[in-house]
2 protein chains.
Amino acid sequence: MNPKETVDLQRASQLLKLLGDKTRLTMMKLLSSHECCVCEFVGIFKMSQPAISQHLRKLRDIELVREERRGQWIFYSINSEHEDYLLIKSILDQLPGQDESINDLEKQGLRISCG
Amino acid sequence: MNPKETVDLQRASQLLKLLGDKTRLTMMKLLSSHECCVCEFVGIFKMSQPAISQHLRKLRDIELVREERRGQWIFYSINSEHEDYLLIKSILDQLPGQDESINDLEKQGLRISCG
DNA sequence: ATAGTATATAATGATATGCTTATATGACCA
DNA sequence: TGGTCATATAAGCATATCATTATATACTAT
C-alpha cells in the first residue's frame, strides 16, 4: 500500500476521531517508540483490562496497530504500512515523548512481567 | 503565544477529537484557504443552519477559528496564532483541497450572496 | 417602527462512546 | 487434566455527541 499525498476527508476524520482520545493517543505515541503488550498498558493507564482491550481493538480495526502473539502475551506495534501513515506519524512526532510512563513501569517491576 | 515543539497530550487529544468530525474537518480545510461566512457553510453542507453554527462554536471555543462581523454577516477565519497551529496546519496540509465545494457554491450563486 | 436576513442559543431526542463487571478463550505449566 | 495467567468479548449503564425544531438576537433597509 503506497502512502498517498493527501488523505480522503472521510478517512482522515475517522482517523482523527480515533486519535482524539487521550488514552488511545498516548498508546499510539508509546507504540511509536516500542512495542507494548496489553499488560503494560494496563500498568500505565488507570483503567481496567477490558477497557484497554477495547481501545486496542478500535486501533486494530482500522489497522493503526498490529498484534502479534508471543506465548501467552500479545504484543502490539504501530503499523507503519498503513495507508495514512504519513499523517499519523506527523501527528505523533509533535507529541511529547512518553518514556516517563515506561520508566515508571520499570520501577514498579511491571515491565519485566511481560518481557 | 509561541508555538511549542510538542503539544501536551491532553490538549492534543481534545484538538484531534474536534477535528475528528468530517464536517468540522472540512470547515477547517476550507478556512485554511479563505474566509467563509456561515451562510456559505450552510450552502456547502447538507445540514441545518443551527447545526453549522454549533460546529463553528466548538471550533471557536478552543480558538481554532476567529469570527469577525461585517455588517449582517459573520466571517470565520483560521486562527493562525493558535498555540498548536503547527500541528493543525500539518494535518490540514495533508488533506485534499476543497476548491470544488467553493466552485459549486459559486455555480449556485450562493457565494455572492454573502460577499 | 417594521420586516427581512443572518446568526446564535435552547430544548430535545437518537445514537455513539467509554467505562464497568461478568464471562469466554487461549496458552502455559504442574 | 486442571489451574492460572493474559487477553478478548458481552452486556449494561452513564455520559457525550450531533442532529433537529423552535426561538432569540443583531443588523439592514424601507
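Just so it is clear: chains get the letters A, B, ... in the order the sequence lines come, proteins before strands, and each one is counted from 1. What you see is a predicted model, and the numbers here were worked out from it, not measured in a lab.
- Rounded to an integer number of Å, the gap from B:Glu67 CD to D:dC27 P is 12 Å.
- In terms of the side chain to side chain contact (heavy atoms under 4.5 Å, CB included) criterion, residue partners of A:Asn79 (sequence neighbours excluded) are, by chain and number, A:Glu63, A:Arg66, A:Glu81, A:His82.
- Every side chain to side chain contact (heavy atoms under 4.5 Å, CB included) that B:Ser32 has, sequence neighbours left out, goes to B:Lys29, B:Ile78, B:Leu92.
- Between B:Arg69 atom CZ and D:dT25 atom P the separation is 14 Å, expressed in whole Å.
- A:Leu59 places its CG atom 13 Å from the P atom of C:dT17, with the value rounded to the nearest Å.
- Between the C1' atom of D:dA6 and the CZ atom of A:Phe41 lies a distance of 15 Å, rounded to the nearest Å.
- Legend: salt bridge (charged side-chain N to carboxylate O under 4.0 Å, His left out) pairs involving residues 49-60 of chain B, not counting sequence neighbours, sorted by first then second residue: B:Arg60-B:Glu67.
- An OP1 or OP2 oxygen of D:dA8 is reached within less than 4.0 angstrom by no side-chain nitrogen or oxygen of A:Arg57.
- Side-chain N/O atoms of B:Tyr76 include one lying less than 4.0 angstrom from OP1 or OP2 on C:dA8.
- Checked against side chain to side chain contact (heavy atoms under 4.5 Å, CB included), B:Lys17 has no partners two or more places apart in sequence or in another chain.
- If you measure from atom CH2 of A:Trp73 to atom C1' of D:dT4, you get 13 Å, rounded to the nearest angstrom.
- Rounded to whole angstrom, the span from the CD atom of B:Gln72 across to the C1' atom of C:dA6 amounts to 6 Å.
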note = Scoring nucleotides 13-24 of chain D by protein non-hydrogen atoms under 4.0 Å (B base, S sugar-phosphate only, - none) yields ----SSBBBB--

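- Side chain of B:Ser13 to main chain of B:Leu9: a donor-acceptor pair is present (N/O by atom type, distance under 3.5 Å, no hydrogens or angles).
- Atom-to-atom, CZ of A:Phe75 to C1' of D:dA6 comes out at 11 Å; the value is rounded to the nearest Å.
- Note on residues 89-100 of chain B: pairs passing side-chain hydrogen bond (donor to acceptor under 3.5 Å, both in side chains), not counting sequence neighbours, are A:Ser90-B:Gln94, A:Gln94-B:Ser90, B:Lys89-B:Asp93.
- For A:Gly71 and B:Leu56, each mapped to the nucleotide of DNA chain C holding its nearest heavy atom, the one lying further toward the 5' end belongs to B:Leu56.
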